[in-house]
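Order of listing sets the numbers, starting from 1, for every ligand and every atom in it. The structure presented is a predicted model; accordingly, all values stated were derived computationally and were not measured.
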Amino acid sequence: MSGDTSFLDQVNRSFDLAAALTDHPPHLLAKIRACDSVYRMAFPIRRDDGTVEVVHAWRAEHSHHRLPTKGGIRYATVVNEDEVVALAALMTYKCALMDVPFGGAKGGVRIDRKKYSEGELERITRRYAYELYRKNFLGPALDVPAPDFGTGAKEMAWIADTYIQLSTGDLNGLGCVTGKPVAQGGIRGRAEATGRGVYFGVREACAVAEDLKPLGLPEGLAGKRVVVQGLGNVGYHAANFLAGGGAVIVGLAESEGAIHAPDGLDLAAVVAHRRATGRITGFPGATDLAHTTLALELDCDILVPAALENQITAANAPRVKAKIVAEGANGPTTAEADAILRQRGVMVIPDIYLNAGGVTVSYFEWVKNLDHLRFGRMEKRFEEGAYRRLLQAVEGATGKRFTAAEMATATQGADEEALVGSGLEETMVQAWHEVRTTRNKHRDRADFRLAAMVNALDKIVHSYEDLGIFP
Ligand code: NAD
């Protein structure tokens, strides 16, 4: 990525370009752009062999304009302060854009999780949670982490348990973290939420014929050829939902290699093959690529980078063949690459919009924890009774008789999973059309990334106006 600027500089550059399209006061924009607090820590953990190792970790709270702050925790060897602050800033803009009432935050622990046993990972996670708690960087009203690269439901359960042990009597303790297992205060649909949000966003973008025409693509998702980089939480679910929506997965990339099959790959079979052999390569009927990053240059309609930042750079952007880059990961396209893609007429669906499904459903989980009530519990049977009475009235008035199967389908009340899916879809669809409206208003100067950032800035400024802090 030589020649490309740092991740934080890229986020700030995007902010500055968007700010120039607004007439908000400079002092307020400077306040929004700055990161409010960063906690850098180093703590010892005992390895299984008895030795002691020092672990370096961070938590950045980018903006306290809304509380709590919210953002994932990443376990990776490349974690550093610049990256954590950049990701926290993206969270601020993402939450504002999606009308999720949180400030942005992000955490990072610099480890290669593959090198640690489960017991060691538990000790690292609990000590990290303890450090956050000690400095008021953890709590349902303060700062609420979630999974990110290298972490999942298990780590979130350890964090919740650590917090609850330390904060005796906090009735809302489970709301200190989201992405928990369902049995421990999690919400149905959170695990797949980011990937599902990617699907809703791509589907919406592909539904607008006037936006697809300049790309030389017909409207609709059906038959679109998709390449996905990263088969983790975001990438796997995005690929799965996109395939379910009629797209054809023609390429997949993982850290160990990449595969290509112009006629389409069976995602479930690829996952089973990787589980059995430890590698994505060697999948029957597919071609192995010489290097995993070459997947980004495959012939396709939609490229979904869903692994890490800085994957599409000034070096490979001229060779990207996709007409649409759908950013599942945070910051996968450098600023230099973004300019090249834009000049080449590639549509970029930006990260702060497209991967916001995770934080949207995290918001639902946090609300559920504070309410101490599962969504749908009160109304599901009531709704079913109301629909049944309505259909019976139709039967009485028309003489038509519904079959038992028709009756069962039409009278189904909404449960938690259905409500989460509906809330996520509504949020993604609404935000995309707001982004389009802004893009169309500034068509000569703004692409979708800039338009999303403008919307985020406008919403943050309005929230400061509501607070009456700035004149
Ligand atoms: P994950 O750890 O579940 O999955 C990442 C996957 O990418 C892993 O399978 C890993 O092996 C693979 N990978 C790593 N390096 C690679 C490379 N060079 N080429 C191909 N594959 C590679 O992480 P995740 O939660 O899916 O996060 C992925 C991205 O999405 C990150 O940028 C993260 O910040 C972003 N994101 C995640 C969420 C979420 O809810 N988990 C929400 C918003 C954004």
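Less than 4.0 angstrom separates some heavy atom of G328 from each of these atoms of ligand 1: 30 (O). Shown in contact with A306 at under 4.0 Å from a heavy atom are these atoms of ligand 1, numbered in order with element: 28 (C). Atoms of ligand 1 found under 4.0 Å from any heavy atom of G150, numbered from 1 in the order shown, are 2 (O).
Annotation: atom 3 (O) of ligand 1 to nearest protein heavy atom, N233 N, 2.9 Å. Closest to atom 23 (O) of ligand 1, if we only count protein heavy atoms, is F149 CA, 3.3 Å. With respect to atom 4 (O) of ligand 1, the closest heavy atom belonging to the protein is G232 CA, 3.2 Å. Here the heavy atom of the protein found nearest to atom 43 (C) of ligand 1 is N355 O, 3.4 Å.
Between the side chains of D36 and S63, no donor N or O sits under 3.5 Å from an acceptor N or O. Side chains of N172 and H372: a donor-acceptor N/O pair is present below 3.5 angstrom, by distance only. Donor-acceptor pairing under 3.5 Å is lacking for the side chains of T194 and N355. Between the side chains of D143 and T69, at least one donor-acceptor pair of N or O atoms lies under 3.5 Å. H62 and T92 share a donor-acceptor pair across their side chains, judged by distance under 3.5 Å alone.
Using a non-hydrogen distance threshold of 4.0 Å, R113 does not register as a contact of ligand 1. Taking a 4.0 Å cut-off on heavy atoms, E309 fails to register as neighbouring ligand 1. Within the 4.0 Å heavy-atom cutoff, A253 counts among the residues contacting ligand 1.
Here atom 28 (C) of ligand 1 lies nearest to A307 when heavy atoms of G235, A329, A307, A76 are compared. Looking at E254, Q229, E327, H291, it is E254 that brings a heavy atom closest to atom 11 (O) of ligand 1. When the heavy atoms of A193, S255, A191, P147 are ranked by distance to atom 22 (C) of ligand 1, first place goes to S255. Nearest-heavy-atom check against atom 18 (N) of ligand 1 across Q311, R274, H237 picks out Q311.
Using cut-offs of 30° and 60° on the angle between ring planes, the pair Y93 and F15 is tilted.
For ligand 1, one of its N or O atoms has an N or O atom of N330 under 3.5 Å away. For D148, a nitrogen or oxygen atom sits less than 3.5 Å from a nitrogen or oxygen atom of ligand 1, counting backbone and side chain alike. The N/O atoms of V234, backbone and side chain alike, include one that comes under 3.5 Å of an N/O atom in ligand 1.
For the pair L231 and L267, the minimum side-chain heavy-atom distance is below 4.5 Å. Using a 4.5 Å heavy-atom threshold, the side chains of L90 and F7 count as touching.
Counting only residues at least two apart or in different chains, salt bridge (charged side-chain N to carboxylate O under 4.0 Å, His left out) contacts with residues 346-370 comprise K180-E365, D351-R449, K368-E416.
With sequence neighbours excluded, no residue forms a ring-ring contact (aromatic ring centres under 6.0 Å, His included) with W58.
The structure places OG1 of T178 at 13.0 Å from OH of Y363, a figure rounded to the nearest 0.5 Å.
With a 4.0 Å heavy-atom cut-off, ligand 1 is reached by the side chain of T194 but not by its N, CA, C or O.
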